[in-house]
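This chain uses plain numbering: 1 for the first residue, then up along the sequence. Since the model is a prediction, treat every value here as computed from it, not as a measurement.
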Amino acid sequence: MAVNVTNLPVPRPGVSTPLLSAPGAIPPLPSPGDWEREGALRLLCNWSKMGFDDPIVYPGQPGRSHHHTFFGNTAINAFTTPGNIRLTGNATCRGGTINLSGYWVPSMIDTASGSPIAPAWLLVYYKSGTWQYMPDGSVLQPIPYGLRMIAGDSALHRPGNIGGFHCFNNPSGLIRTVAGYDGQSIPVFCQQGDEVRYTIPFPQCWDGVNLDSPDHKSHMAYPEMHYAGDPQRQWRCPVGFPVVLPAITYTVIYSVPAGADLSRWRLASDSADPAVPGGYTRHADWINGWDPAISDLWSITCIRERRDCGSANLGDGRTTLEFDGN
């Protein structure tokens with residue numbers, strides 16, 4: 001995919017300090033007997049940079065990758081590792097430098113000009129996922145420091161089953177739909193003022209040993225259906241992946257400007273063939289850069305204990321403060 005890197009949009013600068021409130025109210029536990037209650041923490045992130053780096057797939061090889069849009073740590077580059085990610089850079093996610101993780105996706109390109117499109121923001125969900133539907137005694141564990149992984153498939157040029165797209169109509173607060181659209185490609189029917197929302201979930205079952213793998217996926221797995229008599233509790237982690245982690249999901253949001261021709265929007269990893277719909281190669285990358293004490297806290301208090309910590313509370317009453325649009 002040809003990318004025009006002249007006159008790139010300007011990213012947010014981020015902040016260089018933690019941004020947390022004084023302790024306040026702690027989100028309540030689920031009511032007794034409410035085993036379905038999902039634990040959740042949500043964060044808004046501004047985008048931090050764009051470029052042809054991918055420190056997971058092409059470590060130490062600057063400029064080797066297709067074009068990406070990054071969120072979180074502003075200093076992430078081809079030389080970023082789990083060992084150095086917290087040593088440099090500002091933070092563009094709510095809460096400041098308590099979270100210097102790297103979040104990135106293939107850039108959205110307007111092929112009419114070759115220009116990357118700046119996203120409005122990234123919404124990151126950390127949730128209990130299907131864990132509460134696993135009746136096998138699994139214990140959800142905090143995210144291990146140093147974990148990195150990829151979700152989706154940058155080589156897939158046909159409909160897949162990991163994540164998808166939808167068109168959100170802001171005035172109505174509803175998803176805009178058309179007959180026959182299956183959510184697997186970029187929705188060309190969005191109108192001015194709508195949002196193109198690109199969602200992709202990461203696997204939450206870990207092998208318990210490896211923080212990475214040669215394909216950056218094989219150390220992780222998605223939960224599987226496993227009927228065990230109770231129709232409501234029929235999920236399991238696959239054999240060989242005994243550790244349940246918080247489920248991470250990205251939703252990348254792009255505002256549709258006046259005069260936009262969404263038939264020309266494609267991901268930087270997509271085929272350049274205009275006959276193939278854009279968006280099939282959707283994928284996402286993640287390197288853990290949380291302060292371990294903070295992520296251990298919310299992983300247990302918000303996710304394992306199944307409290308709805310919303311978009312700000314860490315589970316101990318402190319809240320992540322917003323800044324510069326977050």
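- Distance alone, capped at 3.5 Å, is enough to place a donor-acceptor pair between the R266 side chain and the S271 backbone.
- Dense packing is recorded around CG of D261, with more than 12 heavy atoms of other residues, nucleotides or ligands lying under 6.0 Å away.
- Of the possible polar contacts, one joining the Y222 side chain to the P201 backbone as a donor-acceptor pair under 3.5 Å is found.
- For the residue pair T281 and S154, no side-chain donor N or O sits within less than 3.5 Å of a side-chain acceptor on the partner.
- Inspection of the E305 and T301 side chains reveals no N or O donor paired with an N or O acceptor under 3.5 Å.
- The aromatic ring centres of Y254 and Y198 sit 6.0 Å or more apart.
- In summary, the side chains of S48 and T92 do not present any donor paired with an acceptor at a separation below 3.5 Å, with no hydrogens or angles considered.
- In this pair, W286 and Y103 present their aromatic rings tilted. The plane angle is within the 30 to 60° band.
- A salt bridge links D316 to R318: one of the charged nitrogens lies within less than 4.0 Å of a carboxylate oxygen.
- Ring centroid separation for the pair W104 and F70 comes in under the 6.0 Å cut-off.
- T320 and R94 form a side-chain donor-acceptor contact under 3.5 Å, judged by distance and modelled atom types alone.
- Counted by atom type alone, Q184 and R158 present zero donor-acceptor pairs between their side chains at under 3.5 Å.
- Side chain of S31 to main chain of D34: no donor-acceptor pair is present (N/O by atom type, distance under 3.5 Å, no hydrogens or angles).
- Side-chain atoms of Q204 come within 3.5 Å of backbone atoms of T130 as a donor-acceptor pair (strictly under, hydrogens ignored).
- Among V256, I175, N170, T251, the one residue that satisfies the side-chain contact (heavy atoms from CB on, under 4.5 Å) test with E195 is N170.
- Side chain to side chain, S213 and H216 fail the donor-acceptor criterion of an N or O pair below 3.5 Å.
- The ring of F202 has its center closer than 6.0 angstrom to the ring center of Y250.
- Between W290 and W298, the ring center distance clears the sub-6.0 Å criterion.
- Remark: R42 engages D308 in a salt bridge, criterion side-chain N to carboxylate O under 4.0 Å.
- In this structure, a donor-acceptor pair under 3.5 Å is present between the side chains of T111 and R264.
- Judged purely by atom type and a 3.5 angstrom limit, D270 uses its side chain to pair as donor or acceptor with the backbone of G279.
- Taking the six-membered ring where tryptophan is involved, the planes of F168 and H166 are perpendicular, since the angle between them exceeds 60° and thus also 30°.
- Side-chain N/O atoms of N4 and T6 include a donor and acceptor closer than 3.5 Å.
- A donor-acceptor contact shorter than 3.5 Å links the side chain of R86 to the backbone of G289.
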Worksheet item: Under the ring-ring contact (aromatic ring centres under 6.0 Å, His included) criterion, do Y133 and W35 qualify, and how do the steps go?
Response: CA-CA 8 Å; Y133 298 94; W35 59 268; 5.6 Å; yes

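- Applying the disulfide bond (SG atoms under 2.5 Å apart) test to pairs two or more places apart or on separate chains, those with a residue in residues 286-319 are C302-C309.
- If you check the side chains of D194 and N169, you find a donor sitting under 3.5 Å from an acceptor.
- The closest donor-acceptor contact from the side chain of N46 to the backbone of R12 lies at 3.5 Å or more, if one exists at all.
- Proximity of the aromatic rings of H67 and F52 is defined here by a centroid distance below 6.0 angstrom, and this criterion is met.
- Counting only distance, with no hydrogens or angles, the side chain of N73 and the backbone of I85 share a donor-acceptor pair below 3.5 Å.
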